[in-house]
Every structure is written in structure tokens, then in C-alpha cells.
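Worksheet: one structure, shown below.
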There are 2 protein chains.
Amino acid sequence: MKENKFLAIYNDLLLQIRKGAFQPNEKLPSENELSQQYRTSRETIRKALNLLSEHGYIQKIKGKGSIVLDVGKYDFPVSGLVSFKELAQKMNKPARTIVHELELIEPDEYIKRQLETENKEKVWKVIRAREIEGEKIILDKDFLCQKFVPILTRDICENSIYEYVENELKLRISFAKKEMFVDRVTAEDQKYLDLNGYEHVVVVKNFVYLEDASLFQFTESRHRLDKFRFVDFARRTHQPHLLP
Amino acid sequence: MKENKFLAIYNDLLLQIRKGAFQPNEKLPSENELSQQYRTSRETIRKALNLLSEHGYIQKIKGKGSIVLDVGKYDFPVSGLVSFKELAQKMNKPARTIVHELELIEPDEYIKRQLETENKEKVWKVIRAREIEGEKIILDKDFLCQKFVPILTRDICENSIYEYVENELKLRISFAKKEMFVDRVTAEDQKYLDLNGYEHVVVVKNFVYLEDASLFQFTESRHRLDKFRFVDFARRTHQPHLLP
DNA sequence: TAGTGGTCTAGACCACACA
DNA sequence: GTGTGGTCTAGACCACTAT
């Protein structure tokens, strides 16, 4: 498996930034120096640096150089359209998923309302803690309608439900609705997360819709305050998508 | 004033898409064709196309071509960008805006970096507290490039800068980038907000771009934890199942 | 003035889609 | 096979920052 040169350089530089080989507020070597070090053309270096810049790791200033920014937080494009697995890979940090609960339940009133589901349909309930660099900082509570996802295994949950739904079940996700707010920590948060003394968590509710506009998944993601970061692009669209 | 070649091509292609010269779900000419038409190198064409792609106007598919996406040609309602005034109206609660600062400044390094602005351009700095039902719960810090917004009055700031920019100045906003995270309260927060004992605020940074991809406004919005709420719709950005 | 990042060129080879 | 977009090269000139 061949990795692109500019991606390899991006990952290598990122690793060095994370290791502290390049300190925040210091300058990276110039593009010419880097092209010599990596024995490649300057344009290729520039592709790697532009990636670092777009992801918020460095700031390029014309005539001066590329400055390393201070990043202690993680980018979470919290949309259900990006999986934790992809994020973990992108962040290049040791990450782990711990499945605490996986069961088929009769939804209570709250879940039924959130999922807009019929009376007798069962629902998958999954509770997972997400660990990055040894700290459990996210608690994900997923609820999926069984009529769309007949089978769900521990294995799938440890890997990526999203990948499974898209690639195996071939369900086509069209859009998601998000709600974000801050909540006091619950007993469940304290049980499953390393809260580090914080009394609040950032809650992200995510409603995921299929192409026929049917709601098939509802996720509540609870993030430790200090590690939470959300990045998003909002393009103008004609109408905010109307929900059924 | 010389415009970059790739930006000129980007704007020209965008214009043609909006005019309907390229229809949604149809293919653009290939990169080789375009490089001949515009008498430039393929890499320059690629920079223009990548901009179109990043802004959601086309989708590039390896081995096939670049497909025009269906983005509303005459789209005015904004998604992701909602002004405080609209929010207040929607919530139907007594709301007020208090303008604490309104001045034309020489941007410092931080603001210059955020706005990606030229050296000697002045910048409007506006600091406003937002009060709902008698409680000051949001602190808005706006920075707008003067070259786009020559005049700004206290009156406009108390009403809606956004409305003024769109309706009076007729600037056409194409997309915005948002970053959200939690920060410790600052002295400024304590001075202008009713913090109710909370030690953290939710910070929303908003970068607003015009149609030619130039950044004209940067806003930092600081929300009291318990009153913060964000709702958004996210459509898929990647549409792998397009076209016959 | 020397060094930096930003743009641009005219090639080249590759991986992928499609007929 | 041909044609597409993706990557990469080795130059070049420009605008900007520093000294």
C-alpha cells in the first residue's frame, strides 16, 4: 500500500508537532529546507503544509514562515457523517472504543419520541466510551431502529457502526440534524468517563436520516469540556432542509 | 489590482454555473480542455476546481470528471448563519443588544491572522452584549474589514450588522466556517456578562466568506454555558452515488 | 538585500472509469 | 485502449518581511 508523498510528509510533520519536536509559536523549517530534507519538490511540501494549515496545526505567513499553533484539543466535526474511527485515524493518536452496553430494547417514551418510531419496533441501544491517549473523554449513546439495522455485534460497535451501515448494509445517509448544548454531568458520565473534575459536559445530539428522509439513528454524544472542539463549514443552501 | 489567475477562473466558472451555462449533474469540461480554453497550465485549473469543490459547487470524481452540484442559484435564506436578531424573534422573548465598543482599529497580529488581512487595512471592532429576558448571556466580538464595510454606526450594531451587510451593502455571503469550544471566562466576560457563577463559556468563532472566497468578517461569540444551544442541519458533503 | 511563502508553468507518470 | 482526475517535478517570477 503506497501512501502519497505529501500525505506521508503531512503525517510525519504532524507527528513531530505532537511529539514536541516543533514547539508552538516556533517556526517550521522553510519550504525550501523541507524540500531538501524530504528530497522532494517544493510544491509537494506545500501540499503537506497546506493540509497542516487547513487542519489548524500551523499558520503560514507570507514572507515570514510557517508557525506552529498550540493545539491541545481535538477537532470533532460532530456530524454523524464522520465516524469516530475516521477522526481517530485523522488525528493520528492512539484511540480506543469501549463498548459498555449493546442490547435490543423496547424503547421508552423518550427514545420513541426522539426516533419517531412506531410502537412495537425494537431499538438497538449502544453505549460506548471513547478513549484518546489513555483518557476516556466521550460517551456515545446510540439508538438505531432495528427495522433498518437488523443485526449489530460488539465487533461492529468497536470498529465503526457508521462504516457498517454504509458499506455492509448499503444504507444511504442523506443528512443529519444536530443539537448541541451543555449539561451537568450524570452518574453515567462519572461511571464511564475520566471527567477530571469537570461538572459539565458538552452534549451533541445527532439525528441521522436516510435518503427517503426516514430517521434511523439517534445519537447522544457527551464530551468532556476541555477536549471538545467542533469545526464545521456551512454553505448557504436554498432552504434549511425540512424534516418530516 | 491584479487578481490571481486561479481566482479569476474560479469566479468565471462560478458565474457560469450560476447562470446555468453548466447545469447541475452535468460535467464540466475536462481539466485539459479548461487549461486550453483559459490558456493556462493544468495545475492552475486544478486550483480553481479545488476551490469550487471545497465550496461545494462541484464534485470531482477520479477517472470521470467534475460534476456540477445542485446548489441554489438564487439562494437567500441562510443556514448555519443566523443573526441574533432572527434568533430573538424566533424565541419570542424580550431581547436587547448593548454596544460596548465600536471603533476602527489597526488590527493586532492576532486579528490580522484571523482575518488574513493586508497590512494597513483598518478593521471595525464591535463588542456587544446580548441580553435576553434581562440577563446578559452572550458577548459578541465582531471584526470586519473596512474595505468591505466602509461605514458602521451604533444604530446598525444595535439592530443587525448581518442584515445591514446583506441588504444595504449587498455583499453576498457564500459560506462560513465555524469553530466551537469551551473556554475559561475572561475579565471581559465578567465585565459585560451576567455569568451566574459559571467559570466557563462556550466560544463560537465564525469566519464569514464572500463569494470570491475572500474573508471579510470574523466573529467570536461567547455564550454562558447554561443558555447555549446550537442547532444545525448537515447534508452529506460527499455524494458517491451521483450520475448515471 | 536575502529569505520567505504565493503563484504559475510545462512537462511526467499513475490510478481509475468506461467502452 | 482512451480519457479522466491525482500526484509529482524542477524550474521560474512575484510580493512580502526582515535586516
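Each chain gets a letter, A, B and so on, in the order the sequences are listed, and its residues count up from 1.
- Listed nucleotides: C/dC8, D/dT9, C/dT4. Nearest to the side chain of B/Thr40: C/dC8.
- Here D/dT7 presents its P atom at 9 Å from NZ of B/Lys60, a figure rounded to the nearest Å.
- Atom-to-atom, CG of A/Leu49 to C1' of C/dG6 comes out at 13 Å; the value is rounded to the nearest Å.
- Backbone-only contact: A/Ile61 has heavy atoms under 4.0 Å from sugar-phosphate atoms and none from a base.
- Between B/Ser30 and D/dT4 there is a side-chain N or O to OP1 or OP2 distance below 4.0 Å.
- Residues satisfying the salt bridge (Lys or Arg N to Asp or Glu O under 4.0 Å) criterion with A/Lys205, sequence neighbours excluded, are absent altogether.
- Remark: A/Lys64 is not in phosphate contact with C/dG3, judged by side-chain N or O atoms under 4.0 Å from OP1 or OP2.
- For the pair A/Thr44 and A/Ser35, the minimum side-chain heavy-atom distance is 4.5 Å or more.
- Stem regions for DNA chain C, each three or more consecutive Watson-Crick or G-U pairs with both distances under 3.5 Å and listed by first number, read C:1-18 with D:1-18.
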Would you please test A/Arg224 and A/Glu135 for salt bridge (Lys or Arg N to Asp or Glu O under 4.0 Å) and show each step?
CA-CA 10 Å; A/Arg224 202 174 83 188; A/Glu135 282 190 304; 3.3 Å; yes
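- Annotation: side chain of A/Glu26 is in contact with side chain of A/Gln23 (closest heavy-atom distance under 4.5 Å).
- Closest to the A/Glu31 side chain, of the nucleotides D/dG5, C/dT4, C/dG6, is C/dG6.
- Atom CZ of A/Arg39 is separated from atom P of D/dT9 by 13 Å (rounded to the nearest Å).
- Between B/Thr44 and C/dT9 there is a side-chain polar atom (N or O) within less than 4.0 angstrom of OP1 or OP2.
- In this entry the distance linking CZ of A/Arg42 with P of C/dT9 reads 15 Å, nearest Å.
- When the side-chain nitrogen and oxygen atoms of A/Lys62 are compared with OP1 and OP2 of D/dT17, none of them lie within a distance under 4.0 Å.
- Atom C1' of nucleotide C/dG11 and atom CD1 of B/Ile45 are separated by 16 Å, given to the nearest angstrom.
- Of the side-chain N and O atoms in A/Lys5, one or more sit less than 4.0 angstrom from OP1 or OP2 of D/dT9.
- More than 12 heavy-atom neighbours from other residues, nucleotides or ligands sit within 6.0 angstrom of CG on B/Leu169.
- Residue B/Arg46 places at least one side-chain N or O closer than 4.0 Å to OP1 or OP2 of D/dG6.
- To the nearest angstrom, P of D/dC8 lies 16 Å from NZ of B/Lys47.
- Listed nucleotides: D/dT4, C/dT7, D/dG5. Nearest to the side chain of B/Ser66: D/dG5.
- Less than 6.0 angstrom separates the ring centroid of B/Phe207 from the ring centroid of B/Phe218.
- If you take OH of A/Tyr38 and P of D/dC8, they are 14 Å apart, rounded to a whole angstrom.
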If you apply the rule side chain to side chain donor-acceptor pair (under 3.5 Å), what do you find for B/Tyr38 with B/Asp12, and how did you get there?
CA-CA 10 Å; B/Tyr38 286 99; B/Asp12 188 59; 2.5 Å; yes
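- A donor-acceptor pair under 3.5 Å links the side-chain atoms of A/Arg154 to the main chain of A/Val99, judged by distance alone.
- Taking every side-chain heavy atom of B/Glu43 into account, D/dT7 is the closest of D/dT7, C/dG5, C/dT7.
- Nucleotide D/dG5 holds its P atom 10 Å from the CD1 atom of B/Ile67, rounded to whole Å.
- Here the nucleotide nearest the side chain of B/Asn32, chosen from C/dA10, D/dT4, C/dA12, is D/dT4.
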